[in-house]
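A short worksheet on the structure shown next.
Throughout, residue positions are numbered sequentially from 1 according to the sequence presented. As the structure is a prediction and not an experimental result, all values here were calculated from the model. Counting starts at 1 for both ligands and their atoms, in listed order.
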Amino acid sequence: MLYRCAACGYDTPKWLGRCPDCGAWGSLAQGAQSSKRDAVEPLTVPMPLADVDPVGAACRPTGVTELDRVLGSGLVAGSVTLIGGEPGMGKSTLVLQALGTMAEAGARCLLVTAEESPAQVRLRAERLGTLAPDLLVVAETSVPAVCAHVESMRPDVLAIDSIQSVVDPDAPGAAGSVAQVREAAQRIVRLAKELDVATLLVGHVTKDGTLAGPRALEHVVDSVLSFEGDRHHALRMLRALKHRFGATDELGLMEMTHAGLAPLADPSALFLADRRPGGSGSVVTAIMEGNRPLCVEVQALVAPTGAPIPRRVAQSLESSRLSMLVAVCQRRARVGLGDHDVFASVAGGVRIAEPGADLAVALAIASARQDVAVDAETVVLGELGLGGEVRLVPLTPRRLGEAKRLGFRRAVVPLSTPDVAGMTLLRVADLTEALEVALESGSRVHAGV
Ligand code: TYD
Ligand code: MG
């Protein structure tokens, strides 16, 4: 016999006053059976690996291009994908668009709406222009009832909006509690695997950014996608945090329009749209988001500090990377930052997690410190070593190609960079050289204005 916490589902063989997992008081109750009871005769037969059906064969494109980009090619039959995001991000819109497109392509789709009425869903579908006859909707909050619907209808694709608002009466806890969310998800995952239904779950993200029903859910499902953006802006970013059927490095970029989510036609142009050319502390670099090169603006601000220890604040950059780059600037290129605060950020909200932007960040810091602008038509590419040396980054030609397309004519790059037609490459060995070529020509441009 086990004791189970009603709040989080934690099992313990001994009664305790306080749950060691979630910290709730008096929440442990007797009742859970030891898992030995579940031992049964296996229904499965081991088989040679080569005889196993490859899952890729049963992959269904959702028809929403940016969602398919993140998923690799589409939804795998029997897989469960969790789409998490803050309220108002557009999760319901994304799921309805995907289901509508798949239904139009002939898939039997079932949307379980546990938060909105079917009438509300219909209004949204009209707005999106997706009223396919193969898209069925049911307003249901009970997990057993959802399972019964799926068993009788046998859909190809199932979506539940949201996993926090369905309840399993057999599980402990209130709707939306960790135990409930986990139990409900586990039941749906079992059913999806059994009946080979590609399943989408919508999950709300709490204020601190974690998927409610914490990491427990991430282990239960096959893929976790995160839908992010600023509610006051139209830009939406979709990325995979976990993906059992492909890579997790693709970024989906969409725009919320009056008729639903539309793929972003030219992301680089959008990210650079509001740039103020000729300002100090601004440097453009080209990063890779999965298979796609993107040009983004790195910004730095350097100001005398009032604090005993100067601050280094990174936004959309790794803060440990910023500290390292500040140290390299100080020690290898004699940029005086000891009594200055350094702020660095990436405009547009894209996160930079690769070292390919190192040189751009360092140049932005030096440019801000010296109040000298980097030439507005120059793109900067390169990784910085601790010795101040500049190193080549992967896929440099593709990155420079994207910069060229956007009108950049010069590039500060590592020594080993191959030629690019139509672009002047300023090859540098280390940060000191990079500062010389970038800031010297920048100041000339500035003086000439
Ligand atoms: P919604 O999909 O309901 O978000 P979530 O399920 O993540 O809470 O949509 C959120 C917002 O998007 C809502 O404020 C209205 C807006 N919206 C549009 O701008 N255009 C549209 O076509 C739709 C359907 C919604
Ligand atoms: Mg919603």
Leu235 side chain reached by Glu255 side chain, heavy atoms, under 4.5 Å: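 They are not in contact (no side-chain heavy atoms under 4.5 Å apart), so the answer is no.
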Which protein N or O atoms sit under 3.5 Å from any N or O of ligand 1? Give atom names and distances.
residue, atom, partner, partner atom, Å
ligand 1, 2 (O), Ser92, N, 3.3
ligand 1, 2 (O), Thr93, N, 2.8
ligand 1, 2 (O), Thr93, OG1, 2.5
ligand 1, 3 (O), Arg124, NH2, 2.8
ligand 1, 4 (O), Gly90, N, 3.0
ligand 1, 6 (O), Ser92, N, 2.9
ligand 1, 6 (O), Ser92, OG, 2.7
ligand 1, 7 (O), Met89, N, 3.4
ligand 1, 7 (O), Gly90, N, 2.9
ligand 1, 7 (O), Lys91, N, 2.8
ligand 1, 7 (O), Lys91, NZ, 2.9
ligand 1, 8 (O), Gly88, N, 2.8
ligand 1, 20 (N), Arg127, NH2, 3.1
ligand 1, 20 (N), Thr257, O, 2.7
ligand 1, 22 (O), Arg127, NE, 3.4
ligand 1, 22 (O), His258, O, 3.2
ligand 1, 22 (O), Gly260, N, 2.7

Side-chain H-bond candidate by donor/acceptor type, Asn291 with Glu250, under 3.5 Å: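 Yes, side-chain donor-acceptor contact under 3.5 Å.
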Sum of protein N, O or S atoms, each under 2.8 Å from the Mg ion (ligand 2):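 That number is 1, waters not included.
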Which residues share a side-chain contact (heavy atoms from CB on, under 4.5 Å) with Ser282, sequence neighbours left out: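 Result, side-chain contact (heavy atoms from CB on, under 4.5 Å) vs Ser282: Arg275, Glu297.
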Pair Glu66 + Arg69: basic N to acidic O under 4.0 Å: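 Counted as a salt bridge, because a side-chain N and a carboxylate O are separated by less than 4.0 Å.
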Of Ile163, Asp161, Val146, Leu201, the residue whose pairing with Val112 passes side chain to side chain contact (heavy atoms under 4.5 Å, CB included):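 Checked Ile163, Asp161, Val146, Leu201 against Val112; only one passes side chain to side chain contact (heavy atoms under 4.5 Å, CB included): Val146.
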Arg292 and Glu289: CA distance, side-chain angles, deciding distance, salt bridge (Lys or Arg N to Asp or Glu O under 4.0 Å) verdict: CA-CA 5 Å; Arg292 174 162 59 179; Glu289 280 288 355; over 6 Å; no
Pro267 to Leu294 - nearest heavy-atom pair and separation: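 The pair with the smallest heavy-atom distance is CB-CD2, 3.5 Å.
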Qualifying side-chain hydrogen bond (donor to acceptor under 3.5 Å, both in side chains) pairs with a residue from residues 131-156, counting only residues at least two apart or across chains: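 Sorted pair list comes back empty.
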Derivation of the side chain to side chain donor-acceptor pair (under 3.5 Å) call for Ser223 and His243: CA-CA 4 Å; Ser223 307; His243 193 24; 2.8 Å; yes
